[in-house]
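Please read the structure below before turning to the comments.
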There are 2 protein chains.
Amino acid sequence: MAHGSRSNRHGSTPPRDAISELTTERLSIYLRCLNYLESIPQSTVSSQELAKRFHLNSAQIRKDLANFGEFGIRGVGYNVALLKERLQKTLGIDRSRRVVIAGAGNLGMALADYRGFSTGGFDVVALMDSDPAKVGRTSKSGIPVIPPTELPRIAKAESIDIGILAVPAEQAQDVYDAMVDAGIRAVLNFAPVRINPHGNVKLKSVDLRINLESLSFWLKNCDEGDCGEETEE
Amino acid sequence: MAHGSRSNRHGSTPPRDAISELTTERLSIYLRCLNYLESIPQSTVSSQELAKRFHLNSAQIRKDLANFGEFGIRGVGYNVALLKERLQKTLGIDRSRRVVIAGAGNLGMALADYRGFSTGGFDVVALMDSDPAKVGRTSKSGIPVIPPTELPRIAKAESIDIGILAVPAEQAQDVYDAMVDAGIRAVLNFAPVRINPHGNVKLKSVDLRINLESLSFWLKNCDEGDCGEETEE
DNA sequence: GCATGTGAATGGATTCACAGCT
DNA sequence: AGCTGTGAATCCATTCACATGC
């Protein structure tokens, strides 16, 4: 109780009306753009300028933002720093999110040390690997490798928010299940398999091969005639 | 001429009618599923079984496949090995695609050695890095690091199909432009920036942060009330 | 005047449901 | 009978265009 009354007083309007994944991914993109503008530096931007600069659609920008409040000033545009802050809050990265990565192979190690994660909101707490030879070592940046048996304890103790699967395809389902059992509620999967998802645990998959195959398809159709003006992001 | 007459004789029907990216990405997924079935082994599969097993929609599978020919047998289903072969051909990975990776940092190195690429259709020919200290060395699996000045020559000599950007955000645009100049016609970008695309060069971006942010958004909205039955791939 | 925020219109993609083949 | 391939129907996302407010 005492939870949902003050409805539109200054942007705390809750989504509640089912925001699509496409929308939230665009919010991240806007955030990226704003970071750039802030570094220029530039303090104000209109949806049109954003659209032109970064190949977006101005109406879509406005509509996406409108889902979460009224962040702009009519006749003026958006305050870069302010909008950035609002987007970070909307995406839930105003506080740090704790991450564990399963699989201390090439990919897992690279992700663990990826600066794009550590700077700004994501905190890789541990790598996990079933290979005893790897356990106890650390990544270049010092993230420790723990054994699978430690997962439940770490997940609780460090209140892990997100699990990343960077294990071979054959192990992915089992490790996913273990993460779910350990109470992790969001998983990002890099293994090239379809995970059997557990309801209530958010699953997203990034299949690196799919992207290459998609490019290959385009190349093939290019060779065979119509190249068109494709670009896409 | 002598190009488009024998229309539907055994599946060589050309797309020509603009296949969406979503469709081609699903083709890759189907291919992944077929590989699994082949390993079971299982020789025949219906769209319904595929759908049930891998959380897909049977009508969509049939519709996607129908874009490229009639691969199934009514009353029976699809031959796993045959369909797999057809999909590989459709995606243009029946022959090997040659890849160069820009950026010999953690991510670039991990991608270069990623087994998911090398096994089956993609051939990482070289890493490229502007750091002289890295040039001349190799990745764990032996892929050589070349300097940027070598790119045009390698691109021609090795007939590179695909460039991968694994460089820091600040360099991404320049390296992309260099790849375009070198005649590379498809680029996969891992840098968290919006690349200004060159027409006629296919660009796809994979932003690792976006995926984490998307999970974070979901977690946040979970905490604040409606969790729903989300899952998604 | 200028740019946001938004209903209405458009355009795509997914799903339904069945005709047609084996 | 069973399952594919496909028009029709539905659903969702994007874009347009304008009323609203600075």
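Given the structure is predicted, the values throughout are model-derived calculations rather than measurements. Quick note: numbers below take in every heavy atom, side chains included, and nothing from hydrogens, waters or symmetry partners. Here is the naming used below: chain letters follow the sequence lines, and residue numbers restart at 1 for every chain.
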- Hey, does B/Ser58 reach any base, or is it just sugar-phosphate, or nothing, if we go heavy atoms under 4.0 Å?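 Here B/Ser58 touches no strand at all.
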- Reckon B/Thr23 touches a base, only the sugar-phosphate, or nothing at all at heavy-atom distances under 4.0 Å?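 Since no nucleic acid heavy atom lies under 4.0 Å of B/Thr23, the category is nothing.
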- Using the side-chain contact (heavy atoms from CB on, under 4.5 Å) rule, take B/Ile164 and B/Phe117 through it: C-alpha gap first, then chi angles, then the decisive distance, then the call. CA-CA 12 Å; B/Ile164 295 182; B/Phe117 289 169; 4.2 Å; yes
For [X] and [N], is the shortest distance between a side-chain N/O and OP1 or OP2 below 4.0 Å?
X       : N      : answer
A/Tyr78 : D/dC22 : no
B/Ser47 : D/dC3  : no
A/Asn57 : D/dT15 : yes

Over how many whole Å does the gap from [X] atom [atom1] to [N] atom [atom2] extend?
X       : N      : atom1 : atom2 : answer
A/Glu25 : D/dT14 : CD    : P     : 11 Å
B/Leu83 : D/dC3  : CG    : P     : 16 Å
B/Leu65 : D/dC3  : CG    : P     : 16 Å
A/Asn67 : D/dT14 : CG    : P     : 11 Å
B/Ile61 : D/dG5  : CD1   : C1'   : 14 Å
B/Lys52 : D/dG2  : NZ    : P     : 13 Å
A/Asp64 : D/dT15 : CG    : P     : 10 Å
B/Leu50 : D/dC3  : CG    : C1'   : 13 Å

- Query: When you match A/Val76 and A/Ala66 each to their closest nucleotide on DNA chain C, which lands nearer the 5' end?
  - Reply: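 The 5'-side residue here is A/Val76.
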- Task: Nearest-nucleotide wise, let me know which of A/Gly75 and A/Lys63 is further upstream toward the 5' end of DNA chain C.
- Result: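 Result: A/Gly75.
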- Item | Nearest-nucleotide 5' precedence on DNA chain D, A/Ile73 against A/Gln60 |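 With A/Ile73 and A/Gln60 compared, the 5'-side residue is A/Gln60.
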- Message: Under the side chain to side chain contact (heavy atoms under 4.5 Å, CB included) test against A/Leu87, which residue among A/Ile93, A/Leu34, A/Asp94 passes?
- Response: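 Looking at A/Ile93, A/Leu34, A/Asp94, the match for A/Leu87 under the side chain to side chain contact (heavy atoms under 4.5 Å, CB included) is A/Leu34.
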- Is B/Arg62 side chain donor-acceptor paired with the D/dT4 base, going by distance under 3.5 Å alone?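 Checked by distance alone, the answer is no.
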- Would A/Lys84 and A/Asn35 count as having a side-chain donor-acceptor pair, cut-off 3.5 Å?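 The answer is yes; a qualifying pair exists.
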- Message: Less than 3.5 Å apart, any donor N or O on the side chain of B/Ser214 or A/Glu21 sitting next to an acceptor on the other?
- Response: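 Yes, a side-chain donor-acceptor pair sits under 3.5 Å.
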- Are any of the side-chain heavy atoms of B/Leu65 and B/Leu27 separated by less than 4.5 Å?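 The answer is yes, as the side chains (C-beta and beyond) meet within the 4.5 Å cut-off.
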- Task: Before accepting this row, confirm whether a basic side-chain N of the pair B/Glu213/A/Arg97 lies closer than 4.0 Å to the acidic partner's carboxylate O.
- Result: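 No salt bridge links B/Glu213 with A/Arg97.
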- Query: Is the shortest distance from a Lys or Arg side-chain nitrogen in A/Asp161 or A/Arg98 to a carboxylate oxygen in the other one below 4.0 Å?
  - Reply: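 Result for this pair is no, no salt bridge flagged.
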- Task: Using chain B heavy atoms and a threshold of under 4.0 Å, write down where along DNA chain C the contacts begin and end, 5' to 3'.
- Result: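 Counting from the 5' end, contacts occupy C/dA13 to C/dT22.
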